[in-house]
Protein chains: 2
Amino acid sequence: MKLTSKGRYAVMALVDLARFDTVNPVSLRDISLRQGISLDYLEQIFSKLKKNQIVKSTRGTQGGYVLSKKPDEIKLTNIFNAVDEKVKTVQCKKESKKGCNGKATKCVTHNLWDELETHINSFFEKKSLEDLLKNNSERIN
Amino acid sequence: MKLTSKGRYAVMALVDLARFDTVNPVSLRDISLRQGISLDYLEQIFSKLKKNQIVKSTRGTQGGYVLSKKPDEIKLTNIFNAVDEKVKTVQCKKESKKGCNGKATKCVTHNLWDELETHINSFFEKKSLEDLLKNNSERIN
DNA sequence: ACATACCTGACTAAAATGGTCAAGTTTAGA
DNA sequence: TCTAAACTTGACCATTTTAGTCAGGTATGT
């Protein structure tokens with residue numbers, strides 16, 4: 001299972017973006033400075049966020065990024081999927097048409113991971129950017 | 001967050017163990033053959049399971065491992081903790097007594113990860129080995 | 001005594017992570 | 001029109017983690 005800082009950075013950056021300015025584009029340089037995330041790394045992340053229609057970009061001077069939906073329409077699942085943070089548990093080695101590990105049946109843990117995945121995903125599907133904004137409205141960074 | 005095959009192997013091996021013989025010790029060699037897990041790797045895993053009082057060992061010929069508790073008393077949390085599969089989300093860099101990333105306040109995602117961690121742990125705390133045994137009673141491996 | 005099975009620790013190849021670096025293209029504004 | 005700010009793309013890389021292997025033990029039932 002993966003759930004690393006790329007996903008965390010993505011969330012941090014989007015919260016920053018949403019809070020800082022809802023109308024004018026916000027530059028990655030500003031986000032980089034405020035959140036302490038490498039600019040180059042942010043660019044990779046936002047490239048993916050853009051492909052997944054989570055943000056829109058404006059080029060040129062005074063350019064930057066804006067959310068492409070309202071914060072309550074952006075679920076955390078969307079964000080994690082966008083940056084390839086697949087909430088996927090370890091897979092059994094799939095051997096052709098057989099079960100796990102080349103055996104005839106599914107391995108004993110197969111259903112377990114499926115269940116867990118569903119469980120975690122449901123958590124992320126309920127949470128939106130909006131929720132995080134409310135939760136942190138008193139903070140500066 | 002970590003949740004990799006070491007934890008999965010531990011669960012597979014324990015289910016195998018529990019189902020195969022509840023009285024006599026089961027050798028790692030047998031588990032290794034039945035589950036297709038490297039013997040050397042199993043030994044590492046069982047060493048940790050033993051330290052955490054999840055299994056008991058008997059040495060010598062006809063030796064092996066037995067569960068040290070009843071299957072319904074062994075929760076998945078116990079297993080994952082034992083093999084160092086800490087269900088821990090990515091941490092913010094902790095700077096001395098300050099907040100995350102050297103700032104004065106907690107970062108916006110801080111609470112989120114805490115919440116997620118609790119959510120996942122509660123899933124694993126509810127699930128016991130017994131549950132897995134029941135779920136897979138019709139299977140062979 | 002000897003085979004079986006547990007026990008321990010060092011080691012390692014491959015993959016993932018968390019970035020950096022370089023070389024653009026686009027566009028607002030002077 | 002020129003230029004700097006800002007987005008865009010893709011290659012590259014050091015470090016860490018993962019998923020083991022290998023080599024040597026030690027203990028014990030028969």
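Fair warning: this is a prediction, and the values are worked out from it, not measured in the lab. Chain A is the first sequence line, chain B the second, and so forth, proteins listed ahead of strands; every chain is numbered from 1.
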Problem set entry | Audit row: B/Leu112, A/Leu76, side chain to side chain contact (heavy atoms under 4.5 Å, CB included) steps and yes/no | CA-CA 10 Å; B/Leu112 177 66; A/Leu76 294 194; 3.6 Å; yes
For this session: Verify side chain to side chain contact (heavy atoms under 4.5 Å, CB included) between A/Leu116 and B/Ile120, making sure each step is shown before the conclusion.
Result: CA-CA 8 Å; A/Leu116 172 64; B/Ile120 297 176; 4.3 Å; yes
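Here C/dA28 presents its P atom at 14 Å from CG of A/Asn24, a figure rounded to the nearest Å. If you take CZ of A/Phe80 and P of C/dT17, they are 14 Å apart, rounded to a whole angstrom. Whole-Å rounding puts the A/Leu42 CG to C/dG19 P distance at 10 Å. Note: CG (A/Leu39) to C1' (C/dA22) measures 14 Å, nearest angstrom. Following rounding to the nearest Å, A/Asp40 (CG) and C/dG24 (C1') show an atom-to-atom distance of 13 Å. One atom, CG of A/Leu33, and another, C1' of D/dA5, lie 14 Å apart when rounded to the nearest Å. In this structure, A/Lys48 atom NZ and D/dC7 atom P are separated by 18 Å, rounded to whole Å. The CG atom of B/Leu28 sits 16 Å away from the P atom of D/dG20 (whole-angstrom rounding).
In the interface, the side chain of B/Glu43 is not paired with the base of D/dT21 through any donor and acceptor atom under 3.5 Å apart. Interface remark: the B/Gln44 side chain does form a donor-acceptor pair with the D/dT21 base, using a distance-only criterion of under 3.5 Å.
Remark: B/Lys6 is not in phosphate contact with D/dG20, judged by side-chain N or O atoms under 4.0 Å from OP1 or OP2. Between C/dT20 and A/Ser38, a contact under 4.0 Å exists linking OP1 or OP2 to a side-chain N or O. Using a 4.0 Å cut-off, no side-chain N or O of A/Tyr65 falls inside it from OP1 or OP2 of D/dA6. In this structure, B/Thr61 does not reach the C/dA3 phosphate: none of its side-chain N or O atoms is under 4.0 Å from OP1 or OP2.
Scored by the salt bridge (charged side-chain N to carboxylate O under 4.0 Å, His left out) test, B/Glu115 finds A/Lys127 as partners (sequence neighbours excluded).
The side chain to side chain donor-acceptor pair (under 3.5 Å) contacts involving residues 65-80 of chain B comprise nothing, where partners must be two or more places apart or lie in separate chains.
As judged by a 4.0 angstrom heavy-atom cut-off over every strand, B/Phe46 is placed among residues making no nucleic acid contact.
The shortest side-chain heavy-atom distance between A/Ile31 and A/Phe46 falls under the 4.5 Å cut-off.
Checking side-chain atoms of B/Ser32 against main-chain N and O of B/Ile37 turns up a donor-acceptor pair under 3.5 Å. Put simply, the side chain of B/Asp131 gets close to the backbone of B/Ser128: a donor and an acceptor are under 3.5 Å apart.
If B/Tyr41 and A/Arg29 are placed on DNA chain D by their nearest nucleotide, the residue sitting closer to the 5' end is A/Arg29.
Residues of residues 51-60 of chain A having a heavy atom closer than 4.0 Å to DNA chain D, listed by number: A/Ser57, A/Thr58, A/Arg59, A/Gly60.
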